[in-house]
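Let me begin by presenting the structure, written as structure tokens, before commenting on it.
All values derive from a computational prediction rather than experimental measurement. Chain naming here is simple, since letters A, B, ... match the order of the sequence lines and numbering starts at 1 in each. For the numbers below, each heavy atom of this structure counts, side chains included, while hydrogens, waters and symmetry mates do not.
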There are 2 protein chains.
Amino acid sequence: MATGRTHRPATRSRGIPEATVARLPLYLRALTALSERSVPTVSSEELAAAAGVNSAKLRKDFSYLGSYGTRGVGYDVEYLVYQISRELGLTQDWPVVIVGIGNLGAALANYGGFASRGFRVAALIDADPAMAGKPVAGIPVQHSDDLEKIIEDNGVSIGVIATPAGAAQPVCDRLVAAGVTSILNFAPTVLSVPDGVDVRKVDLSIELQILAFHEQRKAGEEHAAADGGGPAAATRTDSAEQGPDGDVPAVMPA
Amino acid sequence: MATGRTHRPATRSRGIPEATVARLPLYLRALTALSERSVPTVSSEELAAAAGVNSAKLRKDFSYLGSYGTRGVGYDVEYLVYQISRELGLTQDWPVVIVGIGNLGAALANYGGFASRGFRVAALIDADPAMAGKPVAGIPVQHSDDLEKIIEDNGVSIGVIATPAGAAQPVCDRLVAAGVTSILNFAPTVLSVPDGVDVRKVDLSIELQILAFHEQRKAGEEHAAADGGGPAAATRTDSAEQGPDGDVPAVMPA
DNA sequence: ATGTCTTTGTGAACGCGTGCACAAAGATGG
DNA sequence: CCATCTTTGTGCACGCGTTCACAAAGACAT
């Protein structure tokens with residue numbers, strides 16, 4: 001789900017379907033776990049189970065990258081980790097700036113998943129002068145007056161917006177003007193950007209509303225068909241088959 | 001966008017496509033803004049622009065809810081706000097618990113978008129005894145020993161998991177056993193749940209990796225076709241057409 | 001009451017993504 | 001060297017979602 005998903009309609013990036021790209025990080029995470037346990041090879045069936053997807057889907061996804069498997073054996077874990085990392089562009093360093101150091105911005109700054117994947121928090125930026133200089137997650141917050149200079153000096157191309165909704169578009173405009181071409185937006189607003197700039201949106205409020213919809217539906221069915229076992233029965237299913245993808249979710253005031 | 005996306009394959013909830021459900025909150029937000037400006041009616045074209053979607057798609061989405069528009073005029077803003085709210089189940093109160101009060105959990109607890117949409121933080125739960133009793137966002141943190149009792153006493157059906165990856169599955173199991181049937185998961189793990197339980201995943205790490213992929217592709221094309229205007233040119237596009245869906249995104253250590 | 005103009009609601013075509021099912025490839029054992 | 005068994009890679013069909021394009025519906029003016 002998330003809100004994000006479905007990038008530029010009908011435009012495969014280098015032949016790799018968007019849906020596949022969105023799953024590669026999932027595979028990578030599962031593979032990394034296997035790698036840490038020193039597992040040498042893995043079958044599509046096993047890896048698919050670990051990632052929570054269909055094995056045929058996984059094989060087709062990998063087929064877009066090339067033929068990295070060995071029939072009768074499976075996939076070489078280390079090799080696959082490298083190939084996917086390379087494909088995702090994680091073998092290089094990506095400096096990232098976070099704009100808006102409120103509760104969420106601070107949480108993101110402290111987020112451990114950055115460094116482990118080639119992402120580096122180059123700077124924290126906030127509009128509040130009182131925040132300037134104060135260290136968050138070991139990094140001193142800088143004032144937004146210097147936004148352009150910070151972007152340029154650090155060669156930042158990925159920006160994270162964690163400001164209130166009202167400030168998001170102006171901040172976005174400044175980021176783009178300064179050279180940022182990818183934006184992860186946590187503010188509950190639709191951002192307008194020029195062609196060539198990618199935006200992904202994370203909106204908690206939307207995710208909760210989608211859950212509420214299904215929750216209400218369940219409650220309704222319970223009354224209608226007052227039989228056939230309660231909701232907390234049945235066999236285990238993999239949750240990864242559910243949450244969209246994508247789509248795309250968030251974490252700021254609505 | 002994002003990661004989520006695509007719930008229970010091929011199962012329309014009451015005839016409303018999942019993709020439509022995922023957009024309803026988007027429309028609702030745009031409509032709420034119009035309502036606050038006392039705009040009486042809005043055309044599909046205008047509303048679509050505000051929500052960042054295609055107008056035909058919006059009309060088709062609304063057609064699943066019923067015929068709430070007036071030809072030649074448009075849609076009544078207030079009426080539509082009510083209909084969508086009702087459809088999403090936002091006219092009732094949804095008590096929510098947040099488990100794992102780290103940086104992210106605290107950010108979520110302080111999140112303003114809850115109350116405004118019928119969501120109420122019923123409790124904050126953490127495994128650290130040192131956290132117990134300490135107030136976060138005005139709500140005292142409770143120890144996870146009491147998780148089951150808290151769920152039952154408050155009639156909670158929606159749980160938010162903001163724990164480290166390792167604790168997510170056990171916490172999930174306990175939530176489900178206690179009666180929770182919808183889970184918003186911020187931990188970077190694939191959760192296994194019984195049938196009838198909905199899980200949506202928000203994974204920041206995945207979102208960033210998807211951005212990195214496109215960023216790398218842009219950089220590659222720049223070298224290949226060293227012409228045709230830089231990346232920061234062209235006309236403005238609406239970003240909502242991009243971020244998945246769906247897909248589904250996150251905010252915890254990988 | 002009639003005509004014009006705006007905007008909805010939807011039929012139909014298209015494209016992407018998914019999953020089945022199987023042939024080809026290679027490992028492994030005798 | 002051959003047979004067998006495992007697992008990949010993919011052709012194919014199906015279904016959902018998107019978009020176009022237009023007829024029907026209603027407002028509004030005359």
Side-chain angles (χ1 to χ4, degrees), chain A residues 1 5-13 15-24 27 40-49 51-77 79-80 83 238 240-242 244-247, chain B residues 1 4-13 15-24 27 40-49 51-77 79-80 83 238 240-242 244-248:
Chain A
M1 29 190 35
R5 276 100 43 24
T6 46
H7 270 256
R8 36 190 75 196
T11 298
R12 297 200 168 170
S13 316
I16 301 181
E18 191 59 30
T20 295
V21 172
R23 280 188 294 268
L24 290 181
Y27 301 145
T41 62
V42 65
S43 72
S44 64
E45 203 71 46
E46 294 168 315
L47 185 54
V53 303
N54 182 293
S55 70
K57 195 189 295 186
L58 178 143
R59 288 197 299 277
K60 183 151 290 190
D61 283 342
F62 286 174
S63 78
Y64 291 116
L65 310 183
S67 291
Y68 296 146
T70 305
R71 298 177 190 227
V73 177
Y75 298 91
D76 183 279
V77 173
Y79 187 57
L80 206 44
Q83 289 298 343
D238 216 327
E241 293 296 343
Q242 304 169 332
D245 50 77
D247 284 329
Chain B
M1 193 153 32
R5 295 40 142 90
T6 47
H7 271 256
R8 36 190 72 196
T11 299
R12 294 199 171 171
S13 317
I16 301 181
E18 190 59 31
T20 295
V21 173
R23 280 188 294 268
L24 290 181
Y27 301 145
T41 62
V42 65
S43 71
S44 64
E45 204 71 46
E46 294 168 316
L47 185 55
V53 302
N54 183 293
S55 71
K57 194 189 294 186
L58 178 143
R59 287 197 300 275
K60 182 148 288 191
D61 283 341
F62 286 173
S63 78
Y64 290 117
L65 309 183
S67 290
Y68 295 145
T70 305
R71 299 177 190 226
V73 176
Y75 299 92
D76 183 280
V77 173
Y79 187 58
L80 206 44
Q83 289 298 342
D238 215 326
E241 291 297 343
Q242 304 169 332
D245 114 68
D247 280 276
V248 184

Review point. Is the distance from OP1 or OP2 of D:dT8 to the nearest side-chain N or O of A:Ser44 less than 4.0 Å?
Key: yes
Exercise for review: Return the nearest nucleotide to the side chain of A:Val73; candidates are C:dA27, D:dT18, C:dC20.
Suggested key: C:dA27
**Study point:** Between C1' of D:dT19 and CD of B:Glu45, the distance in whole Å
**Key:** 13 Å
Point to revise | Gap between atom OG of A:Ser43 and atom CZ of A:Arg59 - 0.5 Å precision | key: 9.0 Å
Exercise for review: Using a cut-off of strictly less than 4.0 Å, decide whether B:Thr70 has a side-chain nitrogen or oxygen near OP1 or OP2 of D:dG26.
Suggested key: no
Practice item. By nearest nucleotide on DNA chain D, pick out whichever of A:Arg59 and B:Thr20 is the more 5' one. Key: A:Arg59
Review point. For the pair made of CD1 in B:Ile16 and C1' in D:dC16, what is the distance, rounded to whole Å?
Key: 16 Å
Study note, to complete from the structure: Between A:Gly72 and A:Ala19, the residue closer to the 5' end of DNA chain C by nearest nucleotide is A:Ala19
Review point. Is B:Tyr75 touching bases, backbone alone, or none of the nucleic acid, heavy atoms closer than 4.0 Å?
Key: sugar-phosphate
Check your understanding: Between C:dA21, D:dT8, D:dT18, which nucleotide has the shortest distance from any of its atoms to the side chain of A:Ala56?
Key -> C:dA21
Exercise for review: Check whether any side-chain N or O of B:Asn54 sits under 4.0 Å from OP1 or OP2 of D:dC20, and answer yes or no.
Suggested key: yes
Point to revise | Base of D:dT18 paired with side chain of B:Lys60 (donor-acceptor, under 3.5 Å) | key: no
Revision key, fill the gap. B:Leu58 atom CG is separated from C:dT7 atom P, nearest whole Å, by 14 Å
Exercise for review: Could you walk me through whether A:Tyr68 and A:Tyr79 pass ring-ring contact (aromatic ring centres under 6.0 Å, His included), step by step?
Suggested key: CA-CA 8 Å; A:Tyr68 296 146; A:Tyr79 187 57; 5.3 Å; yes
Point to revise | Shortest non-hydrogen separation from B:Leu58 to B:Ser44 and the atoms involved | key: CD2-CB, 3.7 Å
Check your understanding: For B:Ala51 and B:Tyr27, which heavy atoms make the closest approach, and how far apart are they?
Key -> CB-CD2, 3.8 Å
Check your understanding: Side-chain N or O of B:Arg71 less than 4.0 angstrom from OP1 or OP2 on D:dC28?
Key -> no
